Amino acid sequence: MNDTIKIENGVFTVPVPDGQLSEKWTNYKSHQKLVNPANKRRLDVIVVGTGLAGASAAASLGELGFNVLNFCIQDSPRRAHSIAAQGGINAAKNYQNDGDSVYRLFYDTIKGGDYRAREANVYRLAEVANDIIDQCVAQGVPFAREYGGLLDNRSFGGAQVSRTFYAKGQTGQQLLLGAYSALSRQVHKGSVKLYHRYEMLDVVLVKDKNGIERARGIIARNLVTGKLERFFAHAVVIATGGYGNVFFLSTNAMASNGSAAVQCYRKGAFFANPCFAQIHPTCIPVHGDYQSKLTLMSESLRNDGRIWVPKKKEDAEALRAGKLKPTQIKDEDRDFYLERRYPAFGNLVPRDVASRAAKERCDAGFGVNNTGLAVFLDFKYAIERLGRDAVEARYGNLFQMYEKIVDENPYETPMMIFPAIHYTMGGIWVDYELQTSIKGLFAIGEANFSDHGANRLGASALMQGLADGYFVLPYTIQNYLADQIQEPRLSTELPEFVKAEQDIKDKITRLLNIKGKRSVDSLHKELGQVMWDNVGMARTEASLKEALVRIKEIKKEFWNNVYIPGDSASMNVELEKALRLADFLDVGYLMALDGLNRNESCGGHFREEYQTEEGEALRHDDKYSYAACWQYRGEDQDPELFKEDLTYEFTVRAQRNYKS
Amino acid sequence: MEKSINIKVKVWRQAGPKVKGMFETYELNNISTDASFLEMIDILNEQLVKEHKEPVAFDHDCREGICGMCSLYINGHPHGPDQEVTTCQLHMRKFHDGQVITIEPWRSRAFPIIKDLMVDRNAYDKIIQAGGYVSVNTGGIPDANAIPIPKPKADEAMDAASCIGCGACAAACKNGSAMLFVAAKVSQLALLPQGQVERAARAKAMVAKMDELGFGNCTNTGACAAECPKSVSLIHIARLNREYLGAKFKD
């Protein structure tokens with residue numbers, strides 16, 4: 001166990017560096033242990049994942065001189081799902097002279113997260129964000145610029161300043177390609193060895209001479225040959241993203257999964273705040289049961305688009321029946337409900353607030369689309385104000401994407417949007433150094449739980465992924481590795497490696513031998529529906545209890561009736577999906593359990609029992625001001641809950657207010 | 001409006017890189033025209049799994065047109081008959097009832113088949129590794145606004161940088177040339193002040209690697225740009241030629 005965790009009566013606090021908020025990271029860096037260049041060459045680090053966090057960490061560690069093994073589930077590191085992020089990346093450069101500062105970015109982030117994140121981590125994130133922008137520009141990332149040649153900014157939800165840097169609607173792509181280029185340079189130099197089309201299937205722990213278990217490697221499956229392979233390293237970094245695909249339909253990529261996190265959890269790592277999942281308000285609505293994923297329409301659209309539903313129920317009904325077109329509804333008959341409810345932030349309220357407001361209108365019978373599960377996002381006003389060309393310059397690729405999917409022209413008729421699962425704030429628990437509760441095992445990016453509390457603000461995922469990978473982990477991991485320089489490279493013939501591989505082999509054999517009647521996808525869809533209905537935008541004690549029962553049933557059905565064609569000794573996509581679904585079933589269960597435990601509403605976790613008279617989330621700081629850390633206790637038992645106490649030394653917690 | 005169509009798909013099946021492949025024909029009924037092309041393949045695979053047959057292996061991931069993982073030659077066109085989309089964004093409304101749709105993997109010597117419709121595009125990574133970057137380490141970088149970049153240059157660099165590395169350009173080219181892919185990266189970095197220091201070395205290294213990996217030569221037929229799902233322009237190939245020649249003359 002990570003020795004910074006001292007649990008008393010199930011509760012612990014995490015040590016953070018001394019000093020004022022603005023001094024902590026500087027103090028840490030001044031006093032941490034470092035590894036000298038000759039020793040760096042002798043130390044191996046495994047980085048699993050090549051998204052923004054993984055690629056930036058692997059590249060930076062390679063530059064420092066460590067020997068890096070980098071694993072990637074796709075055919076190339078450039079395909080990681082960070083690439084799909086559209087809108088932008090935040091940094092408190094204050095280039096717009098609109099009153100931004102590191103403190104304000106910190107404050108917006110911690111408030112946006114509904115006061116469920118660790119102050120010192122969030123401040124550090126805000127602090128290093130400026131360096132990210134400099135780094136990316138130096139790599140040749142073509143951010144949007146103004147005519148004077150300087151960088152342009154736009155606004156995102158939950159902020160009253162323009163601090164979001166962007167590259168058209170493809171910011172994630174450009175940032176990832178920047179990190180990928182830095183990574184490619186290290187691959188060329190030989191400091192990083194890349195394993196593409198490999199999937200991690202377990203983390204291997206080995207006891208040191210003092211009896212302390214440390215992460216010393218992984219077992220990964222070569223997805224092309226089907227072969228299981230063992231890899232040793234002095235430290236293991238998990239950068240495998242979030243577990244949103246537990247819902248089957250989400251904005252995540254098809255291969256995005258929560259399996260690496262579950263493997264760490266089964267080996268003893270804390271899984272923190274699993275119920276904190278983000279539902280993004282602006283996605284293209286569901287259209288059929290054959291649908292494989294949901295497509296996001298960037299939050300940046302809320303800079304210029306106005307969200308509305310009809311004021312009159314009869315108009316909503318006529319729209320659903322196809323008897324009326326949205327353009328036929330007069331301005332005075334449109335309810336711009338976000339502007340009405342939240343005058344100070346209007347259409348740019350945070351995602352959780354915007355999603356719930358859409359659900360509230362649809363539940364009340366004002367929803368549109370033939371399903372009644374959609375609201376309008378209208379650019380008519382922006383086109384009148386700015387002209388079509390300006391709107392096209394800002395959002396052209398998003399409009400094109402919408403038109404290709406929906407077959408309607410958003411320049412002429414309003415877009416229809418509805419909330420969808422997008423991001424998970426919960427994840428593997430980490431301390432200030434991004435080390436998990438297992439020594440030598442680190443988690444970065446969306447895979448960890450650290451910086452976004454109960455809700456993430458737009459354009460902050462890219463910020464966190466790159467902050468962790470470029471500027472935080474390359475420092476903090478050295479504080480650990482400095483004590484490992486005497487450790488030789490271990491043989492992967494050690495019994496710990498052999499057993500880990502054998503366990504996976506047994507699991508695969510068991511899965512292939514079930515030879516039941518259900519396809520993996522059909523079971524996954526069933527799980528997704530249970531999650532959406534019971535652990536989605538609004539949760540109740542009853543719905544969460546039902547979810548626990550239903551997930552257990554689906555798990556039983558899966559382990560008794562799944563059918564997987566093919567064998568394990570070659571490429572087998574159905575087997576890959578089955579292994580991931582086995583883990584999603586555990587994640588789903590954890591989410592429901594955590595949601596049931598948290599008797600309050602905060603951020604993305606909305607319990608209907610706990611709301612203000614105006615329908616806003618009602619926190620209970622006296623009872624739930626903690627990160628819920630779940631530790632695995634075996635297959636037949638519920639996990640044990642430990643609480644990381646969150647103390648707020650520098651900020652005053654208030655009811656989040658986006659109204660005035 | 002949404003409707004359903006019945007179609008036949010002729011799919012290239014090949015169990016492994018060294019095994020002989022062949023076309024198999026499958027019938028699919030009641031496919032919604034609102035389904036994406038890959039969702040149609042999902043439905044086919046679900047059908048095959050139900051019949052206890054091997055599903056069709058194909059590459060795909062983000063399913064929103066940006067990761068570049070999906071591929072497929074559809075009725076003779078990389079990414080199918082629609083313009084400016086990847087296969088994942090192609091929808092069944094572009095096909096008609098009763099149509100026979102032929103689905104093949106990328107055709108290119110440099111992209112060997114792994115299984116069925118899945119190919120190995122590692123060659124593109126190798127070209128980038130040869131020099132498709134600005135050699136800066138993390139940290140110690142001047143302020144992002146220290147060097148102003150004229151907006152038209154930045155915008156043009158962005159257009160080049162839109163390349164998703166899917167491989168359609170090389171697959172479409174009768175010579176199997178990767179020029180559009182290489183040009184997009186060389187051009188992006190040649191347009192920006194950050195890319196100037198290594199400008200000549202980059203063009204030479206990337207072109208040399210492209211040749212070494214077995215990609216063909218460019219004869220300016222323009223099939224690459226016509227099939228590119230991100231509309232990367234031939235102008236970038238012209239710029240690459242200038243960059244490469246300029247670099248060679250300097251030697």
Side-chain angles (χ1 to χ4, degrees), chain A residues 59-60 63 74-76 78-79 81 83-84 93 95 131 133-135 137-140 142 144-151 167-168 170 173-174 177 181-182 184-185 187-188 196 224 253-255 287-288 290-293 295 400-401 404-405 407 470 474 519 521 563 565-566 570-571 573-574, chain B residues 16 32 34-35 38-39 42-43 46 49-50 52-55 57 59-69 84-85 89 91 93 114-115 120-122 124-125 128-130 132-139 141-145 148-151 154 157-158 161-162 165 188-189 192 194-195:
Chain A
S60 302
E63 286 162 13
Q74 293 95 348
D75 73 333
S76 162
R78 67 181 293 153
R79 316 255 188 244
H81 197 51
I83 201 143
K93 284 283 196 185
Y95 284 159
D131 296 339
I133 305 303
D134 300 342
Q135 187 68 36
V137 168
Q139 289 167 345
R145 287 174 184 269
E146 292 168 353
Y147 280 100
L150 301 183
L151 291 161
K168 280 198 177 166
Q170 293 133 268
Q173 179 198 24
Q174 294 310 315
L177 294 182
S181 67
S184 296
R185 178 169 160 246
V187 173
H188 185 65
H196 57 100
V224 175
M254 303 308 285
H287 56 77
Y290 48 82
Q291 198 163 356
S292 57
K293 79 156 269 160
T295 304
Q400 189 245 16
M401 194 193 295
K404 291 292 180 189
I405 294 172
D407 208 21
Y470 283 134
S519 71
D521 278 357
Y563 175 75
S570 60
M571 167 168 284
V573 176
E574 289 296 308
Chain B
S32 163
D34 276 352
L38 296 185
E39 284 164 355
D42 290 341
I43 295 169
E46 191 75 8
V49 172
K50 262 192 200 135
H52 287 198
K53 289 180 185 154
E54 277 261 327
D59 269 323
H60 62 108
D61 200 25
C62 79
R63 295 209 178 187
E64 47 188 280
I66 194 75
C67 76
M69 186 100 174
E84 296 182 22
V85 290
Q89 288 185 299
H91 280 71
R93 63 180 79 97
I114 295 172
K115 185 177 179 180
D120 182 356
R121 284 168 289 191
N122 195 231
Y124 270 14
D125 284 334
I128 296 292
Q129 284 157 16
Y133 38 75
V134 178
S135 296
V136 286
N137 283 348
T138 304
I141 304 282
D143 187 83
N145 258 351
I149 302 173
K151 183 172 165 57
M158 177 65 214
S162 313
Q188 176 202 342
L189 297 178
L192 298 171
Q194 290 81 7

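Sequence lines set the chain letters: A, B, ... in the order given, protein chains first and strands last, and positions in each chain run from 1. Heavy atoms only: backbone and side chains are in, while hydrogens, waters and symmetry mates are out. Quick caveat: nothing in here was measured; it's all calculated off a predicted structure.
Interface summary for chain B: among V224(A), D75(A), V187(A), D131(A), the most heavy-atom pairs under 4.5 angstrom belong to D75(A). Note: I149(B) leads L189(B), I114(B), V85(B), I149(B) in heavy-atom pairs under 4.5 Å with chain A. Note on A57(B), G65(B), G139(B): by heavy-atom pairs under 4.5 Å with chain A, the leading option is G139(B). Most heavy-atom pairs under 4.5 Å with chain B, from the set L151(A), D521(A), V573(A): that is L151(A). For chain B, the option among G566(A), G288(A), A167(A) with the highest count of heavy-atom pairs below 4.5 Å is A167(A). Annotation: maximal heavy-atom pairing with chain B below 4.5 Å, among P565(A), S292(A), G140(A), occurs at S292(A). With chain A as partner, the option from P55(B), A154(B), S135(B) having the largest number of non-hydrogen pairs under 4.5 angstrom is S135(B). Per-residue heavy-atom pair counts under 4.5 Å with chain A were compared for G132(B), G195(B), S32(B), and the maximum is reached by S32(B). Highest contact tally toward chain A, considering only I141(B), I66(B), N145(B), is held by N145(B) [criterion: heavy-atom pairs under 4.5 Å]. Of all the listed residues (I128(B), L192(B), N137(B)), the one sharing the greatest number of non-hydrogen pairs under 4.5 Å with chain A is N137(B).
When all heavy atoms are compared, the tightest approach of R185(A) to V134(B) is CD-O, 4.5 Å. Smallest separation of non-hydrogen atoms from S184(A) and Y133(B): C-CE2, 4.1 Å. Across A253(A) and C62(B), no two heavy atoms sit closer than the pair CB-CA, 3.7 Å. Smallest separation of non-hydrogen atoms from A161(B) and L177(A): O-CD1, 3.9 Å. Residues R93(B) and K404(A) come closest through the heavy atom pair NH1-O, 2.8 Å.
At a 4.5 Å heavy-atom cutoff, the contact between H52(B) and chain A is made by backbone and side-chain atoms alike. For E146(A), the part lying near chain B is the backbone, with the side chain staying farther off; criterion is any non-hydrogen pair under 4.5 Å. D125(B) touches chain A through backbone and side chain together, each having a heavy atom under 4.5 Å away. Heavy atoms closer than 4.5 Å to chain A are found nowhere in K50(B), neither backbone nor side chain. Interface residue Q188(B): only side-chain heavy atoms are found under 4.5 Å from chain A.
Note: R63(B) CZ to M254(A) CE = 4.0 Å, rounded to the nearest 0.5 Å. The distance from the CE atom of M571(A) to the NZ atom of K115(B) is 7.0 Å, given to the nearest 0.5 Å. To the nearest 0.5 angstrom, M158(B) atom CE is 4.0 Å from Q170(A) atom CD.
We find that E64(B) and K293(A) are joined by a salt bridge, their nearest charged nitrogen and carboxylate oxygen being less than 4.0 Å apart.
Using modelled atom types, no side-chain atom of E574(A) and backbone atom of V49(B) make a donor-acceptor pair closer than 3.5 Å. Between the R79(A) side chain and the C67(B) main chain, a donor and an acceptor come within less than 3.5 Å of each other. Side-chain atoms of Q173(A) come within 3.5 Å of backbone atoms of S162(B) as a donor-acceptor pair (strictly under, hydrogens ignored). In this structure, the side chain of E63(A) engages the main chain of T138(B) through a donor-acceptor pair within 3.5 Å.
Here the side chains of Q194(B) and Q139(A) are not in contact, with every heavy-atom distance at 4.5 Å or above. Taking the side chain as every heavy atom from C-beta outward, Q291(A) and D42(B) never approach each other to under 4.5 Å.
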inquiry  = As a quick check of understanding, evaluate side-chain contact (heavy atoms from CB on, under 4.5 Å) for V136(B) and Q135(A), giving each step before the final call.
reply    = CA-CA 8 Å; V136(B) 286; Q135(A) 187 68 36; 4.2 Å; yes

inquiry  = Run the side-chain contact (heavy atoms from CB on, under 4.5 Å) test on Y124(B) and S76(A) for me, step by step, so that the C-alpha distance in whole Å, both residues' side-chain angles and the decisive distance to 0.1 Å come before the verdict.
reply    = CA-CA 9 Å; Y124(B) 270 14; S76(A) 162; over 6 Å; no

task = Mind running side-chain contact (heavy atoms from CB on, under 4.5 Å) on D134(A) and D143(B) for me, showing each step along the way?
result = CA-CA 5 Å; D134(A) 300 342; D143(B) 187 83; 4.0 Å; yes

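Looking at N122(B) and H196(A), their side chains do bring a donor and an acceptor atom within 3.5 Å of each other.
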